[in-house]
Asker: 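My questions all concern the structure below.
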Amino acid sequence: MNKFIYKPDAATVSTKYGRVRGYYYNGNYIFKGIPYAKAKRFRAPVEPDPWDGVRNATNYGFVSPLLHYEKPETELLIPHQYWIEDEDCQNLNIWTPDLNPDELKPVFVWIHGGGFSDGSSIEAPFYEGSSLTKTADCVVVSINHRLNIFGYLDLSDFGSEYYNSGNSGMMDIIASLKWIKENIENFGGDKNCVTICGQSGGGGKVTALLQMPAADGLYQRAIIMSGEVALHDAEITQSSKQCVETMMEYLGISDVHVLDTISRHVLIEAYNHVAPGLAAKGLSIGCMPTRNKEFTGNPLRTGWRKESLVPLIMGSVLGEFSCFSSQGIDRSKISEEEGKNIICDRLGKGDAEKIIKAFKEAYPYRNPVDILFTDWLFRKPTTEHAKLRAKTGGKVYTYMFEVDFPVDGGKTPWHSSDISFVMHKTDTVPSQDSDKNATIADRISKHLAAFMRTGDPNFGETPEWMPVSADSEPTMIIGDTFRVARDFDREFIRLSEEFADRLGNGAIVHSFSSK
């Protein structure tokens, strides 16, 4: 078949709402910007309007409006790209290697990160699904949904019509899963073999979906990547009434319904003006899921829902946010003894010896200086959630991604650095583009393919990856080699949290939790 095909009926598919026309490129049929729902501001999504004829599906749809734009400072590590914003952002993208409804493939649904306030389905070049379809033999779907105040501002105190406004973004995601259930077979996907996967805020959204009854039956597997901390302290259990009233006061209005219709730019400006002061007082400012009958809350507080105990993979990366700053240290020039001395200078000899011993038991081949660049903020809640889920009766597998990269003399893997491996797109990140990393990505794809099909990630070429039990956590450690270690870092994580301020991680924790 030709590498690129775009002609009538070459990639035209029927959906419940009308026909869509995509294109064929390099082994995939590609469809972009398909509407899966529509919604009024602060209201639940409803089905999209049907259309006559054939709808063009060759361009990405709108992405959710953002509240602010940070200065690009990590583009070498995490490339970003931006798109046109609009509240009418309930759309999805599909990559599929085959449109044959008689040979259905597993469906991999990608939920983007950025907390519950930022990001989009096309924010990073490695979100694109064209490689994973081939290496894991699946259909890939990515989705856009409402974020920040458009998706997570609780106005329920102002009337029943706003009952679940604090979870509008999550309800969008559920609407996309319903669309997939109803339509994906026409794109070659198996509606009864759906894996939901998200990283960081996307992982937090996967956790939230597992705690939402309306999502039951819409997925059969789940993957949470560096995401448990995104929900660890993220659910809103107090009213956002004061935030809304303060916004109205700033705008000079007395009728809450005016917020339904004013310009989104005016709404954003009002929120950005009042939110910092309210947050400083410990008051709710929204932008996170709201616990109610639709969302039962953080599992660490309310327990895992037994109805959502599908097979689950969850994990984190070695460095996460701890390694974004090199702290002026060139790891390639630090000897083992110098590494020990650096830790001693931070902690004193006694505490340094304790944490170095625990670190070496977990990572015997690493220089002690890597203690400064190893995360505990994500790793700890991941372990806690996994063991709680195992106690509840769920099958859960955990991993640690520890592939180093040639940045500033060598850098431990940073937050988001594993996504390009999962999506098999390491060639989109300069510091990750190597034959070695492509081989690691191949193995990860095989684990994904097995997990999507069976709920068990084992495929026979790596050590046996066992599920977590109530009292033991076997972890797949993904590096230049793959190994499984049981409860390997429990003491190191405990000491890392205890010594966080002196190690320099305390400021990192404060910075992350304040976002």
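Nothing here was measured: the structure is a model prediction, and the numbers come from that model.
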Asker: Can you tell me if CG on D52 sees more than 12 non-hydrogen neighbours from other groups inside 6.0 Å?
Answerer: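 Not more than 12 within 6.0 Å, no.
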Asker: Does P125 reach the side chain of Q81, with side-chain heavy atoms less than 4.5 Å apart?
Answerer: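 They are in contact (side-chain heavy atoms under 4.5 Å apart), so the answer is yes.
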Asker: So, using side-chain hydrogen bond (donor to acceptor under 3.5 Å, both in side chains) as the criterion, who are the partners of D456 when residues are at least two apart?
Answerer: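 D456 satisfies side-chain hydrogen bond (donor to acceptor under 3.5 Å, both in side chains) with N458 only.
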Asker: Looking at the rings of F4 and Y24, which for Trp means the six-membered one, are their centres under 6.0 Å apart?
Answerer: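 No, they do not, as the ring centres are separated by 6.0 Å or more.
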Asker: Stepwise, does the side chain to side chain contact (heavy atoms under 4.5 Å, CB included) test hold for K32 with I30?
Answerer: CA-CA 7 Å; K32 298 176 179 178; I30 302 171; 3.8 Å; yes
Asker: Look at D260 together with R43 and state whether they make a salt bridge at an N to O cut-off of under 4.0 Å.
Answerer: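 Between R43 and D260 there is a salt bridge, with a charged N closer than 4.0 Å to a carboxylate O.
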Asker: For the pair D375 (side chain) and L377 (backbone), establish whether a donor and an acceptor sit closer than 3.5 Å, ignoring hydrogens and angles.
Answerer: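 Yes.
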Asker: Mind checking whether F405 and T412 have side chains closer than 4.5 Å, heavy atoms only?
Answerer: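 Of all side-chain heavy-atom pairs linking T412 with F405, none is under 4.5 Å.
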Asker: Between S176 and Q90, is there a side-chain donor-acceptor contact under 3.5 Å, judged purely by atom types and distance?
Answerer: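 Q90 vs S176: no donor-acceptor pair found between side chains.
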Asker: Is there a side chain to side chain contact (heavy atoms under 4.5 Å, CB included) between W179 and L92 once you walk through the steps?
Answerer: CA-CA 10 Å; W179 188 97; L92 52 78; 3.6 Å; yes
Asker: Does the side chain to side chain donor-acceptor pair (under 3.5 Å) test come out yes or no for N167 and T290, once each step is laid out?
Answerer: CA-CA 6 Å; N167 293 314; T290 300; 4.7 Å; no
Asker: Distance check, rounded to the nearest 0.5 Å: I173 atom CD1 versus S168 atom OG?
Answerer: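 Between atom CD1 of I173 and atom OG of S168 there are 11.5 Å.
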Asker: Tell me if the aromatic rings of F126 and H424 count as close, with their centers under 6.0 Å from one another.
Answerer: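 For F126 and H424, the ring centres are not under 6.0 Å apart.
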Asker: Answer yes or no: is there an ion pair linking R443 with E461, defined by an N-O contact shorter than 4.0 Å?
Answerer: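 Salt bridge: no.
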Asker: SG/C287 to CG/D118 distance, rounded to the nearest 0.5 angstrom?
Answerer: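 If I round to the nearest 0.5 Å, the distance is 9.0 Å.
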Asker: Assess whether side chain to side chain contact (heavy atoms under 4.5 Å, CB included) is satisfied between E85 and F62, documenting all intermediate values.
Answerer: CA-CA 5 Å; E85 299 174 10; F62 294 131; over 6 Å; no
Asker: Do any N or O atoms from the side chain of Q211 and from the backbone of A208 form a donor-acceptor pair under 3.5 angstrom?
Answerer: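 No: the side chain of Q211 does not pair with the backbone of A208.
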Asker: Using only atom types and a distance under 3.5 Å, with no angle test, would you say the side chain of D370 pairs donor to acceptor with the backbone of F373?
Answerer: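 Between the backbone of F373 and the side chain of D370 there is no qualifying donor-acceptor contact (under 3.5 Å).
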Asker: Nearest 0.5 Å, what's the OG1-CG distance between T475 and D489?
Answerer: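 Rounded to the nearest 0.5 Å, the OG1-CG separation comes out at 6.5 Å.
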Asker: Taking the side chain as everything from C-beta on, heavy atoms only, tell me whether V317 gets closer than 4.5 Å to M225.
Answerer: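 Answer no - side chains too far apart.
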Asker: To check you understand the geometry: which heavy-atom pair defines the closest contact between V422 and F108, and what is its length?
Answerer: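 Distance-wise, the nearest heavy atoms are CG1-CZ, 4.2 Å.
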Asker: Is the closest side-chain heavy-atom distance between F187 and I34 below 4.5 Å?
Answerer: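 Yes - at least one pair of side-chain heavy atoms lies under 4.5 Å apart.
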Asker: Under a 3.5 Å distance rule, please check whether T207 uses its side chain to pair with a backbone N or O of G203 as donor and acceptor.
Answerer: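 Checked: pair present.
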Asker: Please find out if less than 6.0 Å separates the ring center of F321 from that of W414.
Answerer: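 No: the rings miss the under 6.0 Å criterion.
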Asker: Taking H80 for its side chain and I78 for its backbone only, find out whether a donor-acceptor pair lies under 3.5 Å.
Answerer: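 Yes; judged by distance alone, with no hydrogens or angles, the pair exists.
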Asker: Test your reading of the model: is there a side-chain donor-acceptor pair from E402 to the backbone of I477, 3.5 Å cut-off?
Answerer: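 Absent.
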Asker: Ring centres of F459 and H447 under 6.0 Å apart?
Answerer: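 Judged by ring-centre distance (under 6.0 Å), F459 and H447 do meet the cut-off.
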Asker: If you measure from the Lys or Arg side-chain nitrogens to the Asp or Glu carboxylate oxygens, is any gap between R41 and E87 under 4.0 Å?
Answerer: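 Here R41 pairs with E87 in a salt bridge, since their nearest N and O are under 4.0 Å apart.
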Asker: Identify the heavy atoms of P311 and G455 that sit nearest to each other, and give their distance.
Answerer: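 Taking P311 first and G455 second, the nearest heavy atoms are CB-O, 3.5 Å.
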Asker: Quick one: are C197 and I111 in side-chain contact, heavy atoms under 4.5 Å?
Answerer: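 With C-beta onward as the side chain, the pair stays apart.
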Asker: Roughly how far, to the nearest 0.5 Å, is the CD atom of E47 from the CD atom of E182?
Answerer: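 Going from the CD atom of E182 to the CD atom of E47 covers 6.0 Å.
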Asker: Decide, yes or no, whether a salt bridge links K38 with D49 under the criterion of side-chain N to carboxylate O below 4.0 Å.
Answerer: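 So K38 pairs with D49 through a salt bridge.
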Asker: Identify which one of D190, D137, T195 satisfies the side-chain hydrogen bond (donor to acceptor under 3.5 Å, both in side chains) criterion when paired with R453.
Answerer: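 Option passing the side-chain hydrogen bond (donor to acceptor under 3.5 Å, both in side chains) with R453: D137.
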Asker: Are the side chain of S263 and the backbone N or O of H265 linked by a donor-acceptor pair below 3.5 Å?
Answerer: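 Such a contact is found between S263 side chain and H265 backbone.
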Asker: Check whether any side-chain heavy atom of L210 sits under 4.5 Å from a side-chain heavy atom of Y219, and report yes or no.
Answerer: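 When only atoms from C-beta onward are counted, Y219 and L210 do touch, with a gap below 4.5 Å.
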Asker: Any chance the side chains of S64 and R146 put a donor and an acceptor closer than 3.5 Å?
Answerer: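 S64 vs R146: no donor-acceptor pair found between side chains.
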Asker: Between P413 and D404, which heavy-atom pair has the shortest distance, and what is it?
Answerer: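 Of all heavy-atom pairs spanning P413 and D404, the closest is CD-OD1, 3.5 Å.
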Asker: When Y36 is tested against each of L177, N183, D172 for side-chain contact (heavy atoms from CB on, under 4.5 Å), which residue passes?
Answerer: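 Only match with Y36 under side-chain contact (heavy atoms from CB on, under 4.5 Å): D172.
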Asker: Spell out, as yes or no, whether a donor-acceptor pair under 3.5 Å connects the side chain of R55 to the backbone of G18.
Answerer: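 Flag not set: sc R55 to bb G18 has no pair under 3.5 Å.
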Asker: Under 3.5 Å, side chain of E464 to main-chain N/O of M466, donor-acceptor pair present?
Answerer: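 Here the side-chain-to-backbone pair does not exist.
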Asker: If only atom types and distance count, is the side chain of W95 paired as donor or acceptor with the main-chain N or O of S142 below 3.5 Å?
Answerer: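 Such a contact is absent between W95 side chain and S142 backbone.
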Asker: Rounded to the nearest 0.5 Å, what separation is found between the OG atom of S117 and the CE atom of M288?
Answerer: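 Rounded to the nearest 0.5 Å, the OG-CE separation comes out at 7.0 Å.
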Asker: Would N192 and K181 count as a side chain to side chain donor-acceptor pair (under 3.5 Å) here? Give the steps.
Answerer: CA-CA 8 Å; N192 296 314; K181 187 80 169 179; 3.1 Å; yes
Asker: Working to the nearest 0.5 angstrom, can you tell me the gap between L67 CG and I268 CD1?
Answerer: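 It comes to 5.5 Å.
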Asker: Begin from the C-alpha positions of H385 and N298 and carry the test side chain to side chain contact (heavy atoms under 4.5 Å, CB included) through to its verdict.
Answerer: CA-CA 10 Å; H385 277 90; N298 186 339; 3.4 Å; yes
Asker: For a 4.5 angstrom cut-off between non-hydrogen side-chain atoms, does M170 reach F116?
Answerer: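 Yes, their side chains come closer than 4.5 Å.
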Asker: Side chains of E123 and S120: closer than 4.5 Å at any heavy-atom pair?
Answerer: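 When only atoms from C-beta onward are counted, S120 and E123 do touch, with a gap below 4.5 Å.
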Asker: Are the aromatic ring centres of Y6 and Y25 under 6.0 angstrom apart?
Answerer: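 Aromatic pair excluded; centres sit 6.0 Å or further apart.
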Asker: Between the side chains of R379 and E473, is the shortest nitrogen-to-carboxylate-oxygen separation below 4.0 Å, so that they form an ion pair?
Answerer: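 Judged by the 4.0 Å cut-off on N to carboxylate O distance, E473 and R379 do form a salt bridge.
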Asker: Start with the C-alpha gap between D9 and R21, add the side-chain angles, then the distance that decides, and say whether salt bridge (charged side-chain N to carboxylate O under 4.0 Å, His left out) holds.
Answerer: CA-CA 7 Å; D9 296 326; R21 180 187 180 191; over 6 Å; no
Asker: Under the side-chain hydrogen bond (donor to acceptor under 3.5 Å, both in side chains) test against R305, which residue among T296, T392, D216 passes?
Answerer: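 Of the listed options, the one satisfying the test is D216.
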Asker: Under the rule for side-chain hydrogen bond (donor to acceptor under 3.5 Å, both in side chains), what residues qualify as partners of S121, not counting sequence neighbours?
Answerer: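 side-chain hydrogen bond (donor to acceptor under 3.5 Å, both in side chains) check on S121 returns N93, N144.
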Asker: Does atom NZ of K40 have more than 12 heavy-atom neighbours, drawn from other residues, nucleotides or ligands, at distances under 6.0 Å?
Answerer: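 No, not enclosed.
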Asker: Salt bridge between D433 and K425, side-chain N to carboxylate O under 4.0 Å?
Answerer: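 Here D433 does not pair with K425 in a salt bridge, since their nearest N and O are not under 4.0 Å apart.
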Asker: So which atom in P65 and which in D86 form the shortest heavy-atom distance, rounded to 0.1 Å?
Answerer: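 The pair with the smallest heavy-atom distance is CD-O, 3.4 Å.
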